[in-house]
Amino acid sequence: MKEMIRTATCGDLQEKHLGTEVVLNGWVHRQRDHGGIKFIDLRDRYGITQVVVEPDSAAALLKTAAELRFEYCIAVKGLVRNRPKEMVNPQMPTGAIEVKVTDLVILSRSQVLPFMIEEKTPAKEDLRLKYRYLDLRSLSMQKNLFLRHQVAFAAREYLVNQGFYEIETPTFIKSTPEGARDFLVPCRLLPGKFYALPQSPQLYKQLLMVAGFDKYFQLAHCFRDEDARGDRQPEHTQIDMEMSFVSREDVFNVVEGLMRHIFKKALGRELEVPFERIAYDTAMDLYGTDKPDLRFELTLKDFNNPAAQSDFQVFKKIVEQNGAVKALVAPGCGHYSRKMIEDLEETAKTYGAKGLAWIKVTEQGLEGGVSKFFTEQSRSIIKHLSAKPGDLILLVGDTRKTACTALGAVRSKLGADLGLIKKHEFKFVWIIDFPLFEWNAEENKWDPAHHMFSMPQEQYLDSLEKDPGSVKGDLYDLVCNGVELASGSIRIHDPELQKRIFSIVGFSLEEAEIRFGFLLEAFKYGPPPHGGIAPGLDRLVMLLAREDTIREVIAFPKNTVGASPMDDCPSPVNQEQLKELHLKLIPPKED
RNA sequence: GGGGGCGUAGCGAAGUUUGGUUAUCGCGCCGGCCUGUCAAGCCGGAGAUCGCGGGUUCAAUCCCCGUCGCUCCCGCCA
């Protein structure tokens, strides 16, 4: 057998290689057999090169070439030559040349594939995941994972240059009571005890600050046992970071620089910094969400005054009871049919609205829907809302939060339906001034809005207990195109302040001692002021790749029920394993 | 826990509203022809318990009930 060691890849042959003898390895991507001459598109991760088997080749070569099928893994030796002038393919990076095959070896054969390897396969996701190793051969997945690699590398490069240390924290940690459901790992050596997989390295990175590693980062795997969505699955990766002796502004600076560097390196695109900032209350008021998509304008308007002055009892009552009536002007939607408006109403109802009232704006004034309650005010309403003839005014009245959220969802739908979204833009925004606590109506108590270690803003320090609902935290989210990309805060490093927070959320000192004793203990030994943030790597890459789900940028993702169709995970374990772990299964209830 | 969508050859879809002979199309697969294609082309062929179970009916891919799987969303996700 002759030497068939790869000397070039399928992406790098150019006209400068003309006349050289090369050996390529790769997969048969496509074949075009003309009876005499035969073309093979040979593919590897670097690209595709056309190799040609000519009819006057040796009989053995012709025989082997005839055996080739899709995705056979082969080696070819041949001469790089120009294609005939008319046959140059300008669509292909290697389209000026081809390789005339002098030798061909089948390294391995492939069965008939469950789906074709294409730029982007039309096969259903379930099937793609079952044969993920084939799916990953597609150009789109190759591109996405390369992009992910570039983003991860750029993140490391930037942070290391900023003086950050990359430090790993444990994967088996203590289960914490707040937040998402933990994934648990039973402990064989300590019967009845469990590790938890980290929802984030939160406590450990704070301890690293106590230890004096004042700039830390980690590409951390995080685990949350909650239902999946397009932008979340049971395990994800965060660019986790924490810094000592910093304010929110320092964190913003680092993250803006980080995003700039990533965009530059991965997309070759300049990002404008600093990013816009919007207070949480304002975001809810204008966009009805704490992760607004700013690629289109459309904002919610206050409608309390017209509602209070109208004879529309439903709205009047809502205003009297301290609720809110919000308005959204759908531009040019005055022609919407009953059915189309009902469609929007469904969206509003999904988010808790009881209904969606509407009014059409015409040259004459207000028409249809609930317009009869507002005839006297029509002129001032049109002015207040900056509405134009042909527009459709949509109204939701409810508690402030529900009215905003529901109409915000309608805003998002309209943005998509009306094609208002500027798809090629990346609109970053910091959401700041989050409330520190939120009222838990079911249990009649205050809950931490994020987590218990976030610092209240200074001006609220004296009045924490008096009016927890009004306290803003030193909390911030980074949002891009309607996706929550990162979440962080300045942390509490004062044990006394920490105790006050525990007490407000009804967390006894005993309980705190059991759960976070080690952190409170650490804070007795000169903890530095510190804060941090954690951009989600999967979501960031998803945005950069312009994909709709993070599963498109994860090599081996789980499906929406947290399973992997490829390896059939999770799977049952045998009795012996359970016994060693001191576990007994309780069959699921049937009812 | 709740709501919407989907399930028809290996893959992607049509057909189901209004039940009726042999379930249609493209890709792939098999065979043949073909010396410049690049989604090659042309000719021929094979391939389907219409997700599964039950019901209604002379007759069910189609209607009804149940069930399973996937997917999108609400809840949940500090």
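Proteins come first, then strands; the chains are lettered A, B, ... in the order of their sequence lines, and each starts at number 1.
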Sugar-phosphate, base or nothing in reach of [X], heavy atoms under 4.0 Å:
X: D447(A); result: nothing
X: E54(A); result: base
X: F453(A); result: nothing
X: M452(A); result: nothing
X: P55(A); result: base
X: M116(A); result: sugar-phosphate
X: E484(A); result: nothing
X: G230(A); result: sugar-phosphate
X: A449(A); result: sugar-phosphate
X: P84(A); result: base

Any N/O donor-acceptor pair, [X] side-chain to [N] base, under 3.5 Å:
X: R81(A); N: rG36(B); value: yes
X: R232(A); N: rC77(B); value: yes
X: R32(A); N: rC34(B); value: no
X: R69(A); N: rC30(B); value: no
X: Q111(A); N: rG10(B); value: no
X: D126(A); N: rG69(B); value: no

Taking atom types as modelled and ignoring hydrogens, do the side chains of [X] and [Y] form a donor-acceptor contact shorter than 3.5 angstrom?
X: N440(A); Y: D447(A); answer: yes
X: E15(A); Y: H17(A); answer: no
X: D41(A); Y: Q31(A); answer: no

Opposite nucleotide pairing with rG69(B), Watson-Crick or G-U, both atom distances under 3.5 Å =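 rG69(B) is paired, partner rC6(B).
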Across all strands, who's sitting opposite rC63(B) as a Watson-Crick or G-U wobble pair, both distances under 3.5 Å?
->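 Its partner is rG55(B) (Watson-Crick or G-U wobble, both distances under 3.5 Å).
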Under 5.5 Å between ring centres and under 30° between planes: true for F39(A) and the base of rU37(B)?
->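 Yes, F39(A) stacks on the base of rU37(B), since the ring centres sit under 5.5 Å apart and the planes are within 30°.
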Could you tell me whether the side-chain ring of H34(A) sits stacked on the base of rG36(B), using a centroid cut-off under 5.5 Å and a plane angle under 30°?
->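 A stacking contact does not exist, since H34(A) is not both close and nearly parallel to the base ring of rG36(B).
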N559(A) side-chain N/O to rC70(B) phosphate OP1/OP2 under 4.0 Å =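 Answer is yes, contact under 4.0 Å.
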Closer than 4.0 Å, any side-chain N/O of K124(A) to the OP1 or OP2 of rC11(B)?
->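 Answer is no, no contact under 4.0 Å.
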Distance in angstrom units between [X] [atom1] and [N] [atom2], rounded:
X: E346(A); N: rC74(B); atom1: CD; atom2: P; result: 14 Å
X: D568(A); N: rC70(B); atom1: CG; atom2: P; result: 11 Å
X: E125(A); N: rG7(B); atom1: CD; atom2: P; result: 17 Å
X: K120(A); N: rC27(B); atom1: NZ; atom2: C1'; result: 19 Å
X: R128(A); N: rG69(B); atom1: CZ; atom2: P; result: 22 Å
X: E71(A); N: rC11(B); atom1: CD; atom2: P; result: 17 Å
X: E119(A); N: rC11(B); atom1: CD; atom2: P; result: 22 Å
X: K130(A); N: rG7(B); atom1: NZ; atom2: C1'; result: 16 Å

State the [atom1]-[atom2] distance between [X] and [Y], to the nearest 0.5 angstrom.
X: S487(A); Y: K291(A); atom1: OG; atom2: NZ; answer: 11.5 Å
X: D548(A); Y: D231(A); atom1: CG; atom2: CG; answer: 10.5 Å
X: L344(A); Y: D417(A); atom1: CG; atom2: CG; answer: 7.0 Å

How far, in whole Å, is [M] from [N] if one measures between their [atom1] atoms?
N: rG41(B); M: rG36(B); atom1: C1'; answer: 13 Å
N: rG47(B); M: rC30(B); atom1: P; answer: 15 Å
N: rG20(B); M: rC62(B); atom1: C1'; answer: 11 Å
N: rG28(B); M: rA40(B); atom1: P; answer: 7 Å
N: rC6(B); M: rA13(B); atom1: P; answer: 12 Å
N: rA60(B); M: rG19(B); atom1: P; answer: 13 Å
N: rC70(B); M: rG31(B); atom1: P; answer: 37 Å
N: rG2(B); M: rC64(B); atom1: C1'; answer: 24 Å

Using a strict 4.0 Å threshold on nitrogen-to-oxygen distance, state whether K326(A) and D398(A) make a salt bridge.
->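 Answer for the salt bridge query: no.
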Would you call R232(A) and E226(A) a salt bridge, taking side-chain N to carboxylate O under 4.0 Å as the test?
->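 Salt bridge: no.
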Are R411(A) and F296(A) in a cation-pi contact, defined as NZ or CZ under 6.0 Å from the six-membered ring centre and within 45° of the axis?
->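 Geometry flag: set, cation within 6.0 Å and 45°.
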By nearest atom, which of the nucleotides [options] is closest to the [X] side chain?
X: I37(A); options: rG36(B), rG28(B), rA13(B); value: rG36(B)
X: T560(A); options: rA13(B), rU71(B), rC76(B); value: rU71(B)
X: R83(A); options: rC11(B), rC38(B), rC72(B); value: rC38(B)
X: R224(A); options: rG36(B), rC11(B), rC77(B); value: rC77(B)
X: V561(A); options: rC70(B), rC76(B), rG28(B); value: rC70(B)

Would you find a donor on one side and an acceptor on the other, under 3.5 Å apart, between the side chain of K558(A) and the backbone of Q233(A)?
->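 Answer holds: no.
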Counting N and O atoms only, with roles assigned by atom type, does the side chain of R400(A) sit under 3.5 Å from a partner on the main chain of A324(A), one being a donor and the other an acceptor?
->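 No: the side chain of R400(A) does not pair with the backbone of A324(A).
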Under 4.0 Å from any atom of RNA chain B, heavy atoms only: list the residues of residues 41-52 of chain A that qualify, in numerical order.
->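 Hits under 4.0 Å, by residue number: D41(A), Q50(A).
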Parallel under 30°, tilted from 30 to 60°, perpendicular over 60°: which one fits the rings of F115(A) and Y131(A)?
->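 Ring orientation, 0 to 90° scale: perpendicular.
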Please figure out whether A228(A) or T121(A) has its closest RNA chain B nucleotide nearer the 5' end.
->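 It is T121(A), whose closest nucleotide lies nearer the 5' terminus.
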Hey, which of these two, E118(A) or D33(A), hits RNA chain B nearer its 5' end, going by closest nucleotide?
->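 Result: E118(A).
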